[in-house]
Q: 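Just passing along the structure, written as structure tokens.
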Amino acid sequence: MIQINPATKEDLKIVQSIAKRTWPDTFGTILSSEQIDYMLNWFYDIAHLKEQVELGHIFLLADEDGEKLGFTGIEINQEPGRTKIHKIYILPTAQGKGVGKKLINAIKEIALRNEQSSLLLNVNKYNQGAIDFYEYLGFVNIKSEIIDIGNGYVMDDYVFELKL
């Protein structure tokens, strides 16, 4: 049975490991390997993840019989009344098992307990599998944005929202 539990600071190495095992599969046909390496080294640096926790980000891990299958990182009130899903990744071998849906449901519960009105997330415009998944769950594309992340790279994203 899949369980969702809060991650501790010690668990951030697991978050980093899942990201490194997931990103090449997720973004390998969308981004250059150089951009994937750049983003992984920045976004999933342990010091950077710890700083996010200190700023109030919440990380959740999906676990099945002791195996970590995926994670999410969220920020309550990133915008007033809105919870931002900054990260959500499931190991390729665990996709299709309901892990993503369980993580989203756990996020919804946290957001509702904190009187949030919606969930927000960014998704790469060319990540059709993720777009289909979010639309299936009821998320709606509300805008496009291009974010300069330095080193000549950008994130070319849609912003999706799910009203609670």
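Remember, it's a predicted structure, so these values are computed and weren't measured experimentally.
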Q: About how many Å separate CG of Asn141 and CZ of Phe160, when rounded to the nearest 0.5 Å?
A: 4.5 Å
Q: Hey, quick one: are Ile58 and Leu69 part of the same hydrophobic cluster, counting side-chain heavy atoms closer than 4.5 Å, chains of contacts allowed?
A: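 They do share one cluster, since a chain of ILVMFWY contacts under 4.5 Å joins Ile58 to Leu69.
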Q: Might you confirm whether atom NZ of Lys101 has over 12 heavy atoms from other residues, nucleotides or ligands at distances under 6.0 Å?
A: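 No, NZ of Lys101 has 12 or fewer neighbouring heavy atoms, counting only those of other groups under 6.0 Å.
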Q: Is a donor on one side and an acceptor on the other found under 3.5 Å between the side chain of Asn114 and the backbone of Gln116?
A: no
Q: Would you check if Gln16 and Ile46 make a side-chain contact, meaning some heavy-atom pair closer than 4.5 Å?
A: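 Yes - at least one pair of side-chain heavy atoms lies under 4.5 Å apart.
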Q: Decide yes or no for Trp23 and Phe43: does some side-chain heavy atom of the first lie under 4.5 Å from some side-chain heavy atom of the second?
A: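 Trp23 reaches Phe43 side chain to side chain.
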Q: Measure the shortest side-chain to side-chain distance between Ile147 and Glu145 over non-hydrogen atoms and say whether it is less than 4.5 angstrom.
A: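 When only atoms from C-beta onward are counted, Glu145 and Ile147 do touch, with a gap below 4.5 Å.
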Q: Which value, rounded to the nearest 0.5 Å, describes the distance between Ile2 atom CD1 and Glu64 atom CD?
A: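 It comes to 5.0 Å.
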Q: In Å and rounded to the nearest 0.5 Å, what is the CG to CG distance from Asp157 to Leu121?
A: 9.5 Å
Q: For Phe139 versus Ile85, what's the shortest heavy-atom pair and its separation?
A: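 Heavy atoms only, the tightest pair is CZ-CD1, 4.2 Å.
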Q: Answer yes or no: is there an ion pair linking Lys84 with Glu161, defined by an N-O contact shorter than 4.0 Å?
A: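 Result for this pair is no, no salt bridge flagged.
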Q: Between Ser144 and Lys125, is there a side-chain heavy-atom distance shorter than 4.5 Å?
A: yes
Q: Between Ile18, Leu60, Ile4, Asp11, which is the residue that forms a side-chain contact (heavy atoms from CB on, under 4.5 Å) with Phe71?
A: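 Of the listed options, the one satisfying the test is Ile18.
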Q: Hey, quick one: are Val123 and Leu103 part of the same hydrophobic cluster, counting side-chain heavy atoms closer than 4.5 Å, chains of contacts allowed?
A: yes
Q: Flag yes if Ile76 and Leu55 sit in one hydrophobic cluster, no otherwise; membership is Ile, Leu, Val, Met, Phe, Trp, Tyr, and two members link when side-chain heavy atoms are under 4.5 Å apart.
A: no
Q: Would you call Ile110 and Ile74 a side-chain contact if the rule is heavy atoms closer than 4.5 Å?
A: yes
Q: Can you name the closest pair of heavy atoms from Ile149 and Gln35 and give their distance?
A: CD1-NE2, 4.0 Å
Q: For Leu31 and Met39: C-alpha separation, side-chain torsions, deciding distance, then whether side-chain contact (heavy atoms from CB on, under 4.5 Å) applies.
A: CA-CA 10 Å; Leu31 305 174; Met39 293 174 74; 4.1 Å; yes
Q: For the pair Tyr38 and Tyr153, name the ring-plane relationship: parallel under 30°, tilted 30 to 60°, perpendicular over 60°.
A: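 Rings of Tyr38 and Tyr153: tilted, 30 to 60°.
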Q: Quick one: pull up NZ in Lys108 and CG in Leu119 and give me the separation to the nearest 0.5 Å.
A: 7.5 Å
Q: Could you check if a side-chain atom of Thr83 sits within less than 4.5 angstrom of a side-chain atom of Asn77, using non-hydrogen atoms only?
A: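 With C-beta onward as the side chain, the pair stays apart.
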Q: Between Leu112 and Leu137, is there shared hydrophobic-cluster membership here, with clusters defined by ILVMFWY side-chain heavy atoms closer than 4.5 Å?
A: yes
Q: Report yes if the side chains of Met155 and Asn124 come closer than 4.5 Å at any heavy-atom pair, otherwise no.
A: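 No, side chains not in contact.
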Q: Taking it one step at a time, do Thr22 and Phe27 satisfy side-chain contact (heavy atoms from CB on, under 4.5 Å)?
A: CA-CA 9 Å; Thr22 304; Phe27 298 111; over 6 Å; no
Q: List the steps and the verdict of side-chain contact (heavy atoms from CB on, under 4.5 Å) for Tyr89 and Asp25.
A: CA-CA 11 Å; Tyr89 292 99; Asp25 208 55; over 6 Å; no
Q: Atom CG of Asn122 and atom NE2 of His86: how far apart are they, to the nearest 0.5 Å?
A: 9.0 Å
Q: Closest heavy-atom contact between Leu164 and Ser118?
A: CG-CA, 3.9 Å
Q: I need the minimum non-hydrogen distance between Leu12 and Phe59, along with the two atoms involved.
A: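 Closest heavy-atom pair between Leu12 and Phe59: CD2-CD1, 4.0 Å.
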Q: Closest heavy-atom contact between Pro24 and Ala19?
A: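 Closest approach of Pro24 to Ala19, heavy atoms only: CD-O, 4.3 Å.
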Q: Checking Lys87 against Tyr44: charged group under 6.0 Å from the ring centre and within 45 degrees of the axis?
A: yes
Q: Output the distance between atom NZ (Lys50) and atom CG (Asp45), rounded to the nearest 0.5 Å.
A: 10.0 Å
Q: Can you give me the closest heavy-atom contact between Asp63 and Gly66, atom names plus distance?
A: OD1-N, 3.1 Å
Q: Examine Ile90 and Ile36 and state if one hydrophobic cluster contains both, with Ile, Leu, Val, Met, Phe, Trp and Tyr joined whenever side-chain heavy atoms are less than 4.5 Å apart.
A: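 The answer is no; the residues belong to distinct hydrophobic clusters.
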Q: Under a plain distance cut-off of 3.5 Å, with no hydrogens placed, do Asp132 and Gln128 share a side-chain donor-acceptor pair?
A: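 Short answer, yes.
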Q: Would you check if Ile142 and Leu120 make a side-chain contact, meaning some heavy-atom pair closer than 4.5 Å?
A: yes
